[in-house]
Novice: 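Can you read through this structure? Questions will come right after.
Just so you know, these numbers come straight off a predicted model, no measurement behind them. Just so it is clear: chains get the letters A, B, ... in the order the sequence lines come, proteins before strands, and each one is counted from 1.
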Amino acid sequence: MKFLEVNKLTIKFGDKTVVNNLSFDLAAGDRFGVIGESGSGKTMIALAIIGLLPDSASFSGSIRLDGEELLSLGDKQMSAFRGSKVSMVFQEPLTALNPLMRVGKQITQPLRNHNRLSARERLARAIELCASVGLPDPEQTVRAYPHQLSGGQRQRVGLAIAIACNPKLLIVDEPTTALDVTVQREVLQTINELVKQHSTALIFISHDLPVVSTMVETIAVMQSGNCVEQASMSALFDQPQHEYSKRLVDLARATQNRFTTFTTKATS
Amino acid sequence: MNTPILETHSLGRDFKLPRASVTAKQQLRHAVVDVNISINAGDRLGIVGESGSGKTTLAKLLLRLDQPTSGSVNFMGQKLQGADMADFRRQVQIIFQDPRSSLDPRMAVEQIILEPLECLNFSQNHQARIDEVLQQVELDLVIRSRYPHELSGGQRQRVAIARALAAQPSVLVADEPVSALDVLVREEVLQLINRLINQLGLTLVLISHDLSVVAQLCDKVAVMQHGRIIESGATQSVFGNPQHQFTRELIAAVPQLPTLK
């Protein structure tokens with residue numbers, strides 16, 4: 001049995017369909033990408049899986065995680081899932097983190113909800129998590145407030161919160177769009193290492209094909225709510241089936257070529 | 001030798017940081033330190049660096065939207081002073097990063113583009129000029145009466161470009177002009193900027209953290225780190241044969257497609 005099965009998921013706001021009849025499944029440790037322009041429904045898929053769709057949304061279809069149907073769960077039952085089985089790293093860490101709470105406390109919040117640990121054990125775990133996501137000086141960092149950290153460090157805190165309870169599925173929604181290129185590369189590396197280490201399944205949402213291509217094995221291309229293509233990364237690059245995927249692939253190639261003509265000339 | 005259109009002499013900008021306590025010493029943040037650049041007419045200069053490296057502060061100094069704490073900016077060989085500012089303002093225009101915040105939400109497109117024409121006493125017929133720049137940025141004229149929220153991201157940025165071009169500037173400063181746009185739209189807008197620069201013979205100063213954007217549009221690059229320009233030269237030689245460790249890191253950080261490795 002697959003670990004995550006999304007079957008004919010449709011999400012609507014009033015008459016407006018934002019996700020139309022989407023199906024995909026993941027085994028444990030699979031890495032899956034979702035790409036599309038803004039407004040194509042990427043984030044809604046993530047919110048549906050993690051049970052955070054706004055009340056104004058109506059949905060149909062099914063999302064089964066570890067055999068349990070998520071869409072019919074009540075708030076309380078979903079809370080038990082969220083954090084422990086599935087968790088999410090949001091796009092903008094400055095809005096996702098609480099500005100008034102030390103990051104250590106924010107990191108241990110899922111632990112309070114899901115595990116019975118003493119305060120001392122939680123602190124030790126927070127320090128351990130900070131170290132595992134590559135935050136410098138973990139003992140000090142847990143006492144910092146979000147505004148005292150850099151953008152990359154904040155996103156690492158977001159990542160530490162998400163993995164605090166060893167979720168089986170990690171959803172990351174454009175985790176690096178707010179970050180510098182050099183920091184982006186480091187954060188992506190950290191995510192890559194963590195999911196491999198714990199064989200966590202990964203759903204990586206982005207509008208940037210070159211970034212996604214370094215992170216996942218299979219990918220869904222979304223255009224205005226429809227999944228126009230699902231393919232392995234190599235198949236997408238070799239033979240994009242849909243017009244829109246083809247444009248994305250061509251552009252990514254052209255951009256890369258433009259850049260490599262500069263960078264390789266000197267070495268040759 | 002021609003006079004550079006824009007030139008800086010050991011330009012510096014310090015910001016005062018909030019005091020840690022009443023008696024504490026005033027701390028300064030050196031946002032731009034000892035920057036000497038000269039931009040000739042027709043140059044396409046890209047300024048790259050991480051956020052916080054001083055790129056935008058430098059752009060603001062070049063535009064005289066901010067005053068340097070040391071050094072100076074010369075425009076056409078002249079130090080900028082009160083009386084010449086009108087001409088400078090007309091000649092040097094900017095496109096900001098996010099058109100949602102740089103366009104007034106309560107103005108229709110035609111008002112947005114009219115504003116610089118009126119403020120800068122543009123000599124030709126204003127309404128005809130609005131039509132002309134809208135055509136230059138490839139927007140349909142029906143858009144004149146629309147408001148920014150009714151437009152797509154790409155259309156909004158085109159309006160911002162049209163506003164910048166309205167008074168026929170000679171220098172265009174673009175601060176991350178495409179980073180708020182979707183990838184495919186980004187490509188269209190980049191090609192548009194490229195065409196316009198060629199057609200109108202503009203001088204471009206492009207600020208970006210995205211090296212592939214700079215590779216596409218610029219023939220010269222300056223790399224900034226901690227407020228200083230650590231490396232500059234032709235795009236070809238800076239990207240092809242980077243001298244500074246930080247430049248090499250920036251280049252290595254550009255994501256590589258798996259099939260092209």
Novice: Looking at CG of Leu250(B) and CZ of Arg185(A), how far apart are the two atoms once the value is rounded to the nearest 0.5 Å?
Specialist: 10.0 Å
Novice: Might you confirm whether atom CZ of Arg195(B) has over 12 heavy atoms from other residues, nucleotides or ligands at distances under 6.0 Å?
Specialist: yes
Novice: Under 4.5 Å between any side-chain heavy atoms of His209(B) and Gln184(A), yes or no?
Specialist: no
Novice: What pair of heavy atoms forms the shortest contact from Phe259(A) to Ala215(B), and how long is it?
Specialist: CD1-CB, 4.1 Å
Novice: If I measure from the heavy atoms of chain B, does Glu37(A) come under 4.5 Å with its side chain, its backbone, both, or neither?
Specialist: both
Novice: Is Arg102(A) atom CZ crowded by more than 12 heavy atoms from other residues, nucleotides or ligands, each under 6.0 Å away?
Specialist: yes
Novice: Just checking Arg100(B): does its CZ atom have more than 12 heavy atoms from other residues, nucleotides or ligands closer to it than 6.0 angstrom?
Specialist: no
Novice: Count the heavy atoms belonging to other residues, nucleotides or ligands that lie under 6.0 Å from CZ of Arg248(B), then report whether that count exceeds 12.
Specialist: yes
Novice: What part of Ser237(B) lies closer than 4.5 angstrom to a heavy atom of chain A: side chain, backbone, both or neither?
Specialist: neither
Novice: Quick one: which of Val181(A), Leu251(A), Leu188(A), Leu209(A) has the most heavy-atom pairs under 4.5 Å with chain B, could you say?
Specialist: Leu251(A)
Novice: Could you check whether any side-chain N or O of Glu50(B) sits under 3.5 Å from a backbone N or O of Thr182(A), counting only pairs where one atom can act as donor and the other as acceptor?
Specialist: no
Novice: Quick check for you: among Leu184(B), Val183(B), Thr235(B), which has the greatest number of heavy-atom pairs under 4.5 Å with chain A?
Specialist: Leu184(B)
Novice: For atom CZ of Arg247(A), is the number of surrounding heavy atoms from other residues, nucleotides or ligands below 6.0 Å larger than 12?
Specialist: no
Novice: Under 4.5 Å from any heavy atom of chain A, what part of Val238(B) do you find: side chain, backbone, both or neither?
Specialist: neither
Novice: Within a reach of under 6.0 Å around CD of Glu217(A), are more than 12 heavy atoms found that belong to other residues, nucleotides or ligands?
Specialist: yes
Novice: For residues His207(A) and Asp182(B), report the shortest heavy-atom separation together with the two atoms involved.
Specialist: CB-OD1, 4.4 Å
